[in-house]
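My questions will all concern the structure given below.
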Amino acid sequence: MKTRLSNLTIANVPAAIPRYDRRDVTPGIVHLGVGAFHRAHQAAYVDACLADGESDWSIVGVSLRSPDTRDALKPQDGLYTLAIRDSAGEQLQVIGSIQSLLVAPEDPGAVLAALTDPRIRIVTLTITEKAYLRTADGTLDGAHPDIVHDLANPGSPKTAHGFLAEALARRSIAGTPPFTVLCCDNLPANGATLHRLLIEFAKLRDADLARHVADEVAFPSSMVDRIVPATTDADRARIADELGIEDAWPVMTEPFRQWVIENRFPAGRPAWEKFGVTMVEDVGPFEDMKLRLLNGAHSGIAYLGQLSGHATVDRAFADPSIRQFVDRLWAEAIPTLPQDAGLDPIPYTAELAQRFSNTALAHRTAQIANDGSQKLPQRIVASALARLEAGLLPEHLSLVVAAWIAACAARGGSLPEGHFTDPLDAALDELFGRNLPTAEMTTAAFDLAGFAKDHPERQTLIEFVATHLVHLGQGGPALALAALGIGGEREKAE
Ligand code: CS2
């Protein structure tokens, strides 16, 4: 077996290594959800700041669920390789900004101790959409068992809400200024959303804490972007060969990266702007553009790709029908974006097309297909409803919703069982088992996912989706696309 990457072995690896003495850095950030995305994105930006001499901003990485990341990285002193890949080749960089790793279910007290450490001035989060525990109408799911648990056991929480609320309460009692909470998940107005949810949670504990969270804690919103496919065993083996030592969990990514952050950090922050981060007053327009154009297209590629037998984004995007569909999807979504924000979606989508064509990433469509019920509202449904409100049709956007339903239903049939997962899986399986007529089934799926809840255009959108589902059922994506005049004659579907 090869030697393991660590502080002791790093000096000779043939990769860029941290240009600072890791013994001199102290923690300034706790990150909740220390998965591959965080390690390819925020941790890389912080690494650059540490190398620039800002030595009091290293990261305490917290996993809220599984010990896997800690188990892989602890023997490596938190070090890991970031492999930046495109058709030109691969660039390896060892990242050193994660100084320690905690696993919340094993030791919630240790996580609270980190969060109440006065040196911690920022808490960042990438916990995925579903971990915000919202009901279909977007409010905090107060009946969720983990929320119920955290309200009853404030000293040993399970959820991000429970940890943040308890830590903020303890800091307030101790006279330690609050940390700034920086949400980095793909939610619209992510900072404001988390702020609202945390106030709701705190209200269930006590009114003073709710007031403290409302008035004294900053929740800037941010838009994060970097494509990060899940690491495979083949990646691990290749990186070990290239480094000459073993790295249990290297992270794969693309050259592109973007981070746009609202500049509200009362307790201070690293000078991220020196390394390409854009600090703004209002991140809204950037977020909408990214969610609706990048993530919206990703979900379309994922579900149509799954139904068409394309395992990776680049292969699906190389399919001329899917490519044409994505161009039309962008054309539908662009008019729903804020027009006066000074952002130009045309070069943006041209760059997206290049990024989706990156054959070195092998970004799996099944990975993106996970959690559609949590992702589609902000990626697809919001643009579809905006179009309907403006008297415009959402023909292509609505096909993504239909493809989501069809791909979910295909698992255990033309797609492998459990090929991707969704928090609604049990309810969806039950729904599909009822063999309802398409229109009723679509309405029931909208009810379950809370899509377009109480929106005046809901019924119209359901009808678009149901029509696509009929085509998908009769002739798969080829027929559904042909009905849109893509890859065949419109008449074929009529
Ligand atoms: C993807 C995102 O898995 C998904 O749902 O759409 O993770 C996407 O790759 C990132 O948001 C890119 O920044």
Side-chain angles (χ1 to χ4, degrees), residues 33-45 82 84-86 124-132 183-188 190 221-232 251-261 276-278 283 286-306 310-314 316-317 322 326 329-330 333 348-349 351-358 360-383 397 400-401 403-404 407-408 419-423 449:
V34 61
F37 183 79
H38 169 69
R39 295 200 275 137
H41 192 271
Q42 300 100 50
Y45 282 106
L82 188 59
I84 302 166
R85 296 168 60 78
D86 64 9
T124 50
L125 298 93
T126 51
I127 56 177
T128 79
E129 295 88 342
K130 61 176 177 278
Y132 289 87
C183 180
C184 300
D185 275 298
N186 282 322
L187 296 171
N190 56 7
S221 287
S222 83
M223 181 274 255
V224 294
D225 189 8
R226 195 165 213 185
I227 292 173
V228 186
T231 305
T232 63
V251 179
M252 308 298 117
T253 194
E254 59 176 342
F256 181 93
R257 63 177 190 174
Q258 189 176 16
W259 198 4
V260 186
I261 310 176
V277 175
T278 311
V283 87
F286 293 90
E287 251 173 11
D288 285 346
M289 185 161 89
K290 193 249 171 175
L291 285 167
R292 295 185 185 190
L293 300 184
L294 187 158
N295 297 112
H298 248 176
S299 292
I301 292 168
Y303 298 118
L304 289 173
Q306 281 289 307
H310 298 302
T312 62
V313 171
D314 64 286
F317 200 61
I322 293 184
V326 172
L329 187 78
W330 283 332
Y348 185 75
T349 50
E351 193 171 32
L352 289 182
Q354 277 184 1
R355 294 171 64 196
F356 293 167
S357 305
N358 186 339
L361 285 182
H363 192 194
R364 301 187 71 74
T365 48
Q367 179 182 344
I368 301 168
N370 286 313
D371 299 343
S373 65
Q374 296 278 318
K375 292 172 174 174
L376 294 187
Q378 53 276 11
R379 297 178 176 204
I380 296 291
V381 176
S383 332
L397 290 157
V400 181
V401 182
W404 169 65
C408 286
H419 192 46
F420 57 86
T421 61
D422 194 288

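Start at 1 with the first residue, then count along the sequence. Remember, it's 1-based here, ligands and their atoms both numbered in the order they're listed. No hydrogens, no waters, no symmetry mates; every other heavy atom, side chains included, goes into these values.
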> Quick check: does any side chain N or O of Arg226 sit under 3.5 Å from a backbone N or O of Phe256, one acting as donor and the other as acceptor?
Replying inline: yes

> Do Gln42 and Trp259 have side-chain heavy atoms sitting under 4.5 Å apart?
Replying inline: yes

>> Under 4.0 Å from a heavy atom of His363: which atoms of ligand 1 are those, numbered in the order shown and with their elements?
In response: 9 (O)

> Is a donor on one side and an acceptor on the other found under 3.5 Å between the side chain of Asp225 and the backbone of Gln258?
Replying inline: no

> Would a distance-only check, ignoring hydrogens and angles, find a side-chain to backbone donor-acceptor pair under 3.5 Å from Lys375 to Asn186?
Replying inline: no

>> I need the atoms of ligand 1 closer than 4.0 Å to a non-hydrogen atom of Lys375, numbered in the order shown.
In response: 3 (O), 4 (C), 5 (O)

> Can you list the atoms of ligand 1 that are under 4.0 Å from a heavy atom of Asp225?
Replying inline: 12 (C), 13 (O)

>> List ligand 1 atoms under 4.0 Å from Lys290, heavy atoms only on the residue side.
In response: 10 (C), 11 (O), 12 (C), 13 (O)

> Which atoms from ligand 1 have a heavy atom of Asn186 less than 4.0 Å away?
Replying inline: 11 (O)

> Identify the closest protein heavy atom to atom 2 (C) of ligand 1: which residue and atom is it, and at what distance?
Replying inline: Asn295 ND2, 3.6 Å

> Relative to ligand 1, is Met223 under 4.0 angstrom through side chain, backbone, both or neither, heavy atoms considered?
Replying inline: neither

>> Can you report which non-hydrogen protein atom sits closest to atom 9 (O) of ligand 1, along with the distance?
In response: His298 CE1, 3.2 Å

>> When you compare the side chain of His41 with that of Thr124, does any pair of heavy atoms fall below 4.5 Å?
In response: no

> Based purely on interatomic distance, does Arg355 place a nitrogen or oxygen under 3.5 Å from a nitrogen or oxygen of ligand 1?
Replying inline: no

>> Check whether Thr365 reaches the backbone of Ala311 with its side chain - one donor and one acceptor, N or O, closer than 3.5 Å.
In response: yes

>> Set out, in order, the CA-CA distance, both residues' side-chain angles and the distance that settles side-chain hydrogen bond (donor to acceptor under 3.5 Å, both in side chains) for Glu254 and His363, then state yes or no.
In response: CA-CA 10 Å; Glu254 59 176 342; His363 192 194; over 6 Å; no

